[in-house]
Amino acid sequence: MIMQKKLKLWDAIMLVMGSMIGSGIFIVSSDMMRNLGSGFWLIVVWVITGIMTVAAAISYGELSALFPKAGGQYTYIKEIFGKKMGFLYGWGLFTIIQTGTIAAVAMAFGKFTAYLIPALNDAAPIFQSGEFKITWMQVLAILIILLLTYINTRGVQSGKLLQNIFTGSKIIALLGLIAAGFIFVDISHLSENFSFGFDSFNNLKKDGLGNFLKEGWEPIGGMTLMGGIAAAMVGSLFSSVAWESVTFVSGEIENPKKNVVKSMIYGTSAVMILYIAVNYVYLNALDRNSIAFAENDRVAVAASHYIFGSIGTSIIALLVMVSTFGCNNGLILAGARVFQTMAKDGMFFKQAEKNNKNEVPANALWMQGVWASLLCLSGQYGNLLDMISFVIVLFYMITVFGVIYLRVKQPHLERSYKAWMYPITPIIYLILGAGFCILLLIYKQQYTWPGFVMVLLGLPVYYFINKNKNTE
């Protein structure tokens with residue numbers, strides 16, 4: 001079955017940027033500031049994350065040129081390290097990484113919609129039993145997932161048009177927020193937030209009701225600072241993932257050997273510059289406590305209220321709704337292609353292999369959509385997402401290491417694109433990624449083992465699928 005080449009370079013760049021820019025950039029800087037207590041260290045962590053993200057994209061470019069077909073990261077891992085490792089990645093992608101991200105982003109859409117429609121926020125739960133409840137915001141999140149899934153079953157053209165419109169809109173909106181954050185701010189807090197210099201602090205203390213204590217800042221340094229940086233990077237890394245989604249649809253991109261590489265490098269670089277600029281807006285508009293203790297961590301709402309006045313909340317709510325809608329479209333469009341490729345390899349439900357009359361994997365799209373909808377109902381997805389940054393970075397490291405592994409094992413492979421500044425680029429990612437994972441293992445185990453266990457649960461599934469085959 002030959003996939004139709006319907007996505008051009010611009011479409012691929014929009015997919016990269018649209019999949020990256022979701023809800024994280026509007027929220028995570030609050031938790032990052034609580035862990036670090038300094039404008040300097042906040043920016044340092046975003047710069048480190050940017051270097052890691054672009055270094056990984058440059059490294060992935062070499063693999064995308066070697067394996068220019070649908071399936072992306074799953075295909076790379078399977079081809080380099082074998083079917084079992086490829087399956088574990090695909091398993092993790094379906095059970096929590098891709099579908100959990102879709103669910104969380106859809107829930108963010110629902111929560112910010114509630115700013116504009118208070119009745120949605122104040123309505124009684126549809127169902128409640130103990131701590132488990134089903135709310136109208138969850139129902140809205142599910143409806144958004146199902147709507148976007150349906151649109152994407154209508155063909156790649158429908159999905160890419162929606163992607164380009166919404167990604168373009170949120171880039172323009174972010175640029176507007178950045179400009180306004182420096183033009184319309186009467187009292188700048190930038191020098192105040194950078195006045196701490198290299199000193200760092202944290203404030204994670206809560207009162208009996210679970211509210212953070214604004215007066216509890218404590219100086220930190222040495223390995224405690226390293227732990228704070230790792231904890232802060234959980235937020236910045238989560239905000240910066242999903243750019244590899246473009247590799248999932250390589251089979252539908254014109255001239256994939258060149259355009260997938262370009263889209264990843266251009267897209268990730270542009271988004272990380274935007275992210276750093278937005279954090280300068282937060283530091284310019286708000287003091288340390290206003291960033292760290294923004295209501296419900298919605299630091300963008302606090303900054304927007306300061307910049308635009310009372311209308312700011314509505315402006316940022318609309319921006320996040322546009323952002324999350326477009327982000328989820330990109331995630332839904334791309335993720336299903338991996339599960340289709342897995343099905344072709346006998347590693348997923350056979351029905352996921354089929355294309356519909358519009359030449360898209362409708363069955364895989366609906367399987368992904370239904371499972372993501374169930375995660376919306378679970379009430380557990382938010383905690384799980386906090387805990388999968390470790391697993392995501394591990395798989396990134398495995399894939400980036402694959403570039404070095406192939407250079408050593410198969411040096412004569414024809415490479416139409418070679419990773420820029422090899423081997424420095426992949427080594428930079430591996431060192432920074434290893435540091436992040438080791439620090440989390442030492443200081444923040446709650447961010448590590450749950451996601452890791454979820455992936456390992458795929459092993460018995462793999463052996464069950466392959467019980468009558470020759471397993472690797």
Applying side-chain hydrogen bond (donor to acceptor under 3.5 Å, both in side chains) to T167 and not counting sequence neighbours gives Q163
Q. Residues in side-chain contact (heavy atoms from CB on, under 4.5 Å) with L459, at least two apart?
A.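 Once residues adjacent in sequence are excluded, the partners of L459 under the side-chain contact (heavy atoms from CB on, under 4.5 Å) criterion are K84, L88, L456, Y463.
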- Query: Should the pair K83-D345 be classified as a salt bridge under the 4.0 Å nitrogen-to-oxygen rule?
  - Reply: no
Q. Between E353 and K344, is the closest basic N to carboxylate O distance under 4.0 Å?
A. no
Worksheet item: Can you say whether the rings of Y60 and Y76 are parallel (under 30°), tilted (30 to 60°) or perpendicular (over 60°)?
Response: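 The arrangement is perpendicular - the two ring planes meet at more than 60°.
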Counting only pairs under 3.5 Å, give me each side-chain donor-acceptor contact of residues 404-411, with atom names and distances, residues two or more places apart or in other chains.
residue, atom, partner, partner atom, Å
R407, NE, E62, OE2, 2.9
R407, NH2, E62, OE1, 2.8

Would you say the rings of Y150 and W366 are close, in the sense that their centroids are separated by under 6.0 Å? no
**Request:** Please find out if less than 6.0 Å separates the ring center of F348 from that of F94.
**Result:**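 Centroid separation for F348 and F94: below 6.0 Å.
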Review point. Can you name the residues that form a ring-ring contact (aromatic ring centres under 6.0 Å, His included) with Y89, not counting sequence neighbours?
Key: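 Counting only residues at least two positions away or on another chain, Y89 forms a ring-ring contact (aromatic ring centres under 6.0 Å, His included) with F395.
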So do the side chains of V246 and M264 get within less than 4.5 Å of each other, counting heavy atoms only?
-> yes
Separation between CG (L394) and OG (S389), nearest 0.5 Å, reads 11.0 Å
Can you see which heavy atom on [X] is nearest to which on [Y], and at what distance?
| X | Y | value |
| --- | --- | --- |
| A364 | A336 | CB-O, 3.5 Å |
| S64 | V261 | OG-CG2, 3.4 Å |
| Y429 | V400 | CD2-CG2, 4.0 Å |

Could you tell me whether R415 sits above the aromatic face of Y422, with NZ or CZ closer than 6.0 angstrom to the six-membered ring centre and within 45 degrees of the axis?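 No.
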Go through the steps for I80 and L63 under the test side-chain contact (heavy atoms from CB on, under 4.5 Å), then give the verdict. CA-CA 10 Å; I80 300 169; L63 299 178; 3.8 Å; yes
Side-chain donor-acceptor pairs of residues 35-48 under 3.5 Å, sequence neighbours excluded:
residue, atom, partner, partner atom, Å
N35, ND2, D31, O, 2.9
N35, ND2, D31, OD2, 3.4
S38, OG, F40, N, 3.2
S38, OG, W41, N, 3.3
W41, NE1, F198, O, 2.8
W46, NE1, N279, OD1, 3.1

- Item | Donor-acceptor under 3.5 Å (K170 side chain, S323 main chain) |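 Between the backbone of S323 and the side chain of K170 there is a qualifying donor-acceptor contact (under 3.5 Å).
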Identify all side-chain donor-acceptor contacts of residues 223-236 below 3.5 Å with residues at least two apart in sequence or on another chain.
residue, atom, partner, partner atom, Å
S236, OG, T49, OG1, 2.7
S236, OG, M233, O, 3.3

